[in-house]
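These notes are about the structure you will find just below.
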Amino acid sequence: MLTIAASDSVDTVNALVGPSGSGKSTIAKLIASFWYADSGSITFGGVDIRKIPLEHYNNNIAYVSQDNYLFDETIMDNIRMGNPNASDEDVINAAKACGCHEFIMQLEHGYNTVVGGAGGHLSGGERQRISIARAMLKNAPVVILDEATAYTDPENEALVQSSVAKLVQGKTLLVIAHRLSTIASADQIIVINNGKLEAVGTQQELLKKSPLYTQMWNAHMAVKEEA
């Protein structure tokens with residue numbers, strides 16, 4: 001059994017790693033209740049999520065994907081989707097916390113700028129930060145980051161990482177990441193291979209007991225050294 005503890009007062013970082021196509025994003029989507037499991041179960045607070053009203057469960061989950069989809073609405077409306085009852089001031093404060101406010105104010109209509117279909121009027125890094133601001137405004141106790149920084153250009157990576165750090169303060173975080181160095185200090189690293197859980201542990205534990213994780217780590221470090 002794999003347990004990911006959820007708390008609204010304690011930071012816990014859980015990382016899903018594994019080869020491409022191993023099932024990491026599928027697991028994240030199942031936990032986010034985008035789909036229901038055909039077999040087995042996912043529990044939240046000890047209760048099968050299929051027995052929890054969907055709206056109540058969704059209020060406890062903030063999901064940021066690598067696609068960072070935005071609706072063809074204003075920036076204000078896109079961020080407010082995290083909490084429809086939020087005031088304009090709440091939206092602006094979330095944007096400031098995620099490093100969005102400065103570039104938003106440089107747009108022709110500021111927060112009233114329409115982002116275009118799927119956010120096409122913004123850069124990839126800008127869309128990511130808007131999505132993170134939306135998740136921050138939701139203030140859910142569980143945050144899922146499904147390769148949320150996968151398409152970040154080097155110029156914006158530090159800004160996005162800073163935004164993520166603020167988003168997950170006091171939350172339970174489940175993160176999928178290819179760059180293993182970004183999750184080396186995670187409380188729990190979960191190795192997935194061919195749709196199955198292969199190993200669980202800290203960085204130090206996995207380097208001792210998981211050949212697959214050790215292989216992935218060595219390959220990652222080799223690429224970093226070449227760069």
Parallel, tilted or perpendicular: ring planes of Tyr213 versus Trp217, cut at 30 and 60 degrees: parallel
Contacts of Asp90 that satisfy salt bridge (charged side-chain N to carboxylate O under 4.0 Å, His left out) - sequence neighbours left out: none
Set of salt bridge (charged side-chain N to carboxylate O under 4.0 Å, His left out) partners for Asp38, sequence neighbours left out: none
[X] to [Y] - nearest heavy-atom pair and separation:
| X | Y | value |
| --- | --- | --- |
| Lys138 | Ile61 | NZ-O, 2.5 Å |
| Ala140 | Ala62 | CB-N, 3.7 Å |
| Ala97 | Met136 | CB-SD, 3.5 Å |
| Glu198 | Asn193 | OE1-ND2, 3.1 Å |
| Ile189 | Ala184 | CD1-O, 4.4 Å |
| Tyr111 | Ala95 | OH-CB, 3.3 Å |

side-chain contact (heavy atoms from CB on, under 4.5 Å) evaluation trace for Ile75 with Leu107: CA-CA 10 Å; Ile75 289 176; Leu107 299 173; 3.4 Å; yes
Partner residues of Thr214 under the side-chain hydrogen bond (donor to acceptor under 3.5 Å, both in side chains) criterion, sequence neighbours left out: none
Could you give the distance from [atom1] ([X]) to [atom2] ([Y]), rounded to the nearest 0.5 Å?
| X | Y | atom1 | atom2 | answer |
| --- | --- | --- | --- | --- |
| Leu197 | Ile27 | CG | CD1 | 7.5 Å |
| Ser181 | His220 | OG | NE2 | 3.0 Å |
| Gln128 | Ser123 | CD | OG | 8.5 Å |
| Ile79 | Glu73 | CD1 | CD | 13.5 Å |
| Arg50 | Ser33 | CZ | OG | 12.0 Å |
| Glu89 | Lys96 | CD | NZ | 8.5 Å |

Between [X] and [Y] (side chain of the first, backbone of the second, donor and acceptor by atom type, cut-off under 3.5 Å), is there such a pair?
| X | Y | result |
| --- | --- | --- |
| Asn14 | Leu173 | yes |
| Lys29 | Trp35 | no |
| Arg129 | Gly99 | yes |

For the residue pair [X] and [Y], establish whether any side-chain heavy-atom pair is separated by less than 4.5 Å.
| X | Y | result |
| --- | --- | --- |
| Arg134 | Ser131 | yes |
| Pro19 | Leu212 | yes |
| Val142 | Phe44 | yes |
| Asn139 | Lys171 | yes |
| Ile104 | Thr113 | no |
| Arg127 | Val115 | no |

Co-membership, hydrophobic cluster, residues Ile92 and Val114, 4.5 Å side-chain: no
Leu70-Met105 co-clustered via ILVMFWY side chain contacts under 4.5 Å: yes
Qualifying residues under ring pair (Phe, Tyr, Trp, His ring centres under 6.0 Å), relative to Phe34, sequence neighbours excluded: Tyr63
Set of ring pair (Phe, Tyr, Trp, His ring centres under 6.0 Å) partners for Phe103, sequence neighbours left out: none
Residues Leu16, Ile176; criterion side-chain contact (heavy atoms from CB on, under 4.5 Å); working and verdict: CA-CA 5 Å; Leu16 282 175; Ile176 298 173; 3.9 Å; yes
NZ/Lys209: more than 12 non-hydrogen atoms of other groups inside 6.0 Å: yes
Distance-only polar pair, side chains of Thr12 and Asp187, donor-acceptor under 3.5 Å: no
From CA spacing to verdict: side-chain contact (heavy atoms from CB on, under 4.5 Å), Val91, Leu137: CA-CA 7 Å; Val91 171; Leu137 192 63; 4.0 Å; yes
Set of side-chain contact (heavy atoms from CB on, under 4.5 Å) partners for Ile42, sequence neighbours left out: Leu30, Ile31, Ile49
